[in-house]
Number of protein chains: 2
Amino acid sequence: MPKTPPGQTRNRVFRFVRDCLLRGDSPSLREVQRHFGFRAVETVRAHLAALVEEGRLVKEPGRARGYRLPKRQTKRLSSPVPDWPTSRLQPVPLLGEVAAGGFEEAIENPEGNLPVEIPDSRDLSDYFALRVRGESMSGAGILPGDTVIVERRGTPVSGQIVVALLEEEATVKRLHLGQGGMELRPENPDFDTLRPPPGSCRILGRVVELRRQIR
Amino acid sequence: MPKTPPGQTRNRVFRFVRDCLLRGDSPSLREVQRHFGFRAVETVRAHLAALVEEGRLVKEPGRARGYRLPKRQTKRLSSPVPDWPTSRLQPVPLLGEVAAGGFEEAIENPEGNLPVEIPDSRDLSDYFALRVRGESMSGAGILPGDTVIVERRGTPVSGQIVVALLEEEATVKRLHLGQGGMELRPENPDFDTLRPPPGSCRILGRVVELRRQIR
DNA sequence: TGGCATACCAGACAAATGTCTGTTATGCTG
DNA sequence: CAGCATAACAGACATTTGTCTGGTATGCCA
């Protein structure tokens, strides 16, 4: 392989490795070597080391295929990255629209499952997903047809967006707790705030994530 | 490690490896071993080999960290696992906010990967994710901080919500194509419709999904 | 001219990783 | 019970992969 102008081959190497990584496939030095036809592994190693030096790549030491793309604008100190993610992906039951018929029944017959990232500290059974009906929360960017992922939390906190079971129907509202009792406030001027009498309403959990499929 | 009922540990191993792969991080046998506390590598190897046999994983032979998610998850009649999706989960690169600095730079530095369900018919490289900046689409329920998943291929269609690369900045707008040329319409009365001169704007793709983490 | 930096090569070496072979339990089933 | 399959272990071994040390060639510049 002939010698090339400074930086030229390096950029080509970077683009190749970057494309591999974007496909979720970290290449080995020798794979890069073969791709470019280098006759020495060391050539690749020098290039990658330089790219790490320049901050365009990141390397996990002592690890085969350990090159990664750097996180953007990460200025953090040498924070030891945990070996394994602190959250995990779990199939959360999607209940669909919970209209009449009761919540417990709905949870027995989910429409399907949704892959959701949940913290390690929590249990899968703390989560479910629900499809949103109605426009009452459109001011908060929650539209009909959206899917909300709900964490069944112990104590409801004022100000949170929650799913409440009210008159055999699940609704998404913003919860407000005051001396006047519980308020379920819509985020749409066309709808009225609900003030359910004590005991007639059950907070199922708080909305932790929203998903919307577009077309 | 005590012996467990048939299939139980295998499923746990599968879920762990799957989660790793969805993060774009193929684990080595010994990493899986450490995670579960097995005292023999072979135990892991046997489990993974069985998972490959069952079609739940795919292995690139003669390669370190060579386990992958199968492109097409085939429905196994004998399997009690609930129906396999006709689409597949894949780690889609999350580019973060593409503000100044250009798209090409952003795609070189993804913040991480997002598990996204994409159709079997499409390729992983057709997708990327982006964090939304600004209020210009709040009328369509797309708020600042939201993450949009973008499909790159396909001809832009009038009326779709798209990501456009405009003056070194990526923006989310609704695309309108008419005889007057291209229009990028915000969905917020406080913002003006953009009419980029031909050639000054590149449509990166259309928004197919929206995700929002709440607190 | 003599450093000095960069690009690339060559081959040995070491660490990470996957593979194999054999063994010990345990539960199921005819 | 014997036979068989599965779960897990133990340790050696082979391959893949990263690292090191040193060498050749080229261009730049004081």
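FYI, side chains are in, hydrogens and waters are out, and symmetry mates aren't considered; it's all heavy atoms of this structure. In the text below, chain A, chain B and the rest are named by the order of the sequence lines, each starting its count at 1.
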Asks: Quick one: which protein N/O atoms are closer than 3.5 Å to N/O atoms of nucleotides 15-19 of chain D? Pair and distance per line, please.
Replies:
unit_1: D:dT17; atom_1: OP1; unit_2: A:Arg65; atom_2: NE; d: 3.1
unit_1: D:dT17; atom_1: OP1; unit_2: A:Arg65; atom_2: NH2; d: 2.3
unit_1: D:dT17; atom_1: OP1; unit_2: B:Ala64; atom_2: N; d: 3.2
unit_1: D:dG18; atom_1: OP1; unit_2: A:Arg65; atom_2: N; d: 3.0
unit_1: D:dG18; atom_1: OP2; unit_2: A:Leu29; atom_2: N; d: 2.4
unit_1: D:dG18; atom_1: N7; unit_2: A:Arg30; atom_2: NH1; d: 2.5
unit_1: D:dG18; atom_1: N7; unit_2: A:Arg30; atom_2: NH2; d: 3.4
unit_1: D:dG18; atom_1: O6; unit_2: A:Arg30; atom_2: NH2; d: 2.6
unit_1: D:dT19; atom_1: OP1; unit_2: A:Lys59; atom_2: NZ; d: 3.1
unit_1: D:dT19; atom_1: OP2; unit_2: A:Arg45; atom_2: NH1; d: 3.2

Asks: Using 0.5 Å steps for rounding, measure from the CG atom of A:Leu130 to the CG atom of A:Leu114.
Replies: 11.5 Å

Asks: Using the test salt bridge (charged side-chain N to carboxylate O under 4.0 Å, His left out), find all partners of A:Arg30 that sit at least two apart in sequence or belong to another chain.
Replies: none

Asks: Would you kindly give the CD-to-P distance between B:Gln33 and C:dA16, to the nearest whole Å?
Replies: 14 Å

Asks: Please report the distance, rounded to the nearest Å, between CZ in B:Arg12 and P in D:dA7.
Replies: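 Checked: the CZ to P distance equals 13 Å.
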
Asks: Could you check whether any side-chain N or O of A:Arg174 sits under 3.5 Å from a backbone N or O of A:Gly159, counting only pairs where one atom can act as donor and the other as acceptor?
Replies: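 Yes; judged by distance alone, with no hydrogens or angles, the pair exists.
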
Asks: Whether A:Glu117 and B:Arg211 form a salt bridge (side-chain N of Lys/Arg under 4.0 Å from carboxylate O of Asp/Glu) is what I want to check.
Replies: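 Answer for the salt bridge query: no.
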
Asks: Quick one: is D:dC9 close enough that its OP1 or OP2 comes under 4.0 Å of any side-chain N or O from B:Thr43?
Replies: yes

Asks: In whole angstroms, how far is the P atom of C:dA5 from the CD atom of A:Glu53?
Replies: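 Roughly 14 Å, once rounded to whole Å.
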
Asks: Could you state the atom-to-atom distance from CZ of B:Phe38 to P of D:dT6 in whole Å?
Replies: 16 Å

Asks: With sequence neighbours left out, write down each residue that passes ring pair (Phe, Tyr, Trp, His ring centres under 6.0 Å) with A:Phe16, or none if nothing qualifies.
Replies: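 For A:Phe16 the ring pair (Phe, Tyr, Trp, His ring centres under 6.0 Å) partners, ignoring immediate neighbours, are A:His35, A:Phe36.
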
Asks: Is the shortest side-chain N to carboxylate O distance from A:Asp146 to B:Arg212 below 4.0 Å?
Replies: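 Result for this pair is no, no salt bridge flagged.
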
Asks: In whole angstrom, give the distance that lies between atom NE2 of B:His47 and atom C1' of C:dG18.
Replies: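 Roughly 17 Å, once rounded to whole Å.
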
Asks: Rounded to whole Å, how long is the line connecting atom CG of A:Leu48 with atom C1' of C:dA7?
Replies: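 These atoms are roughly 14 Å apart.
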
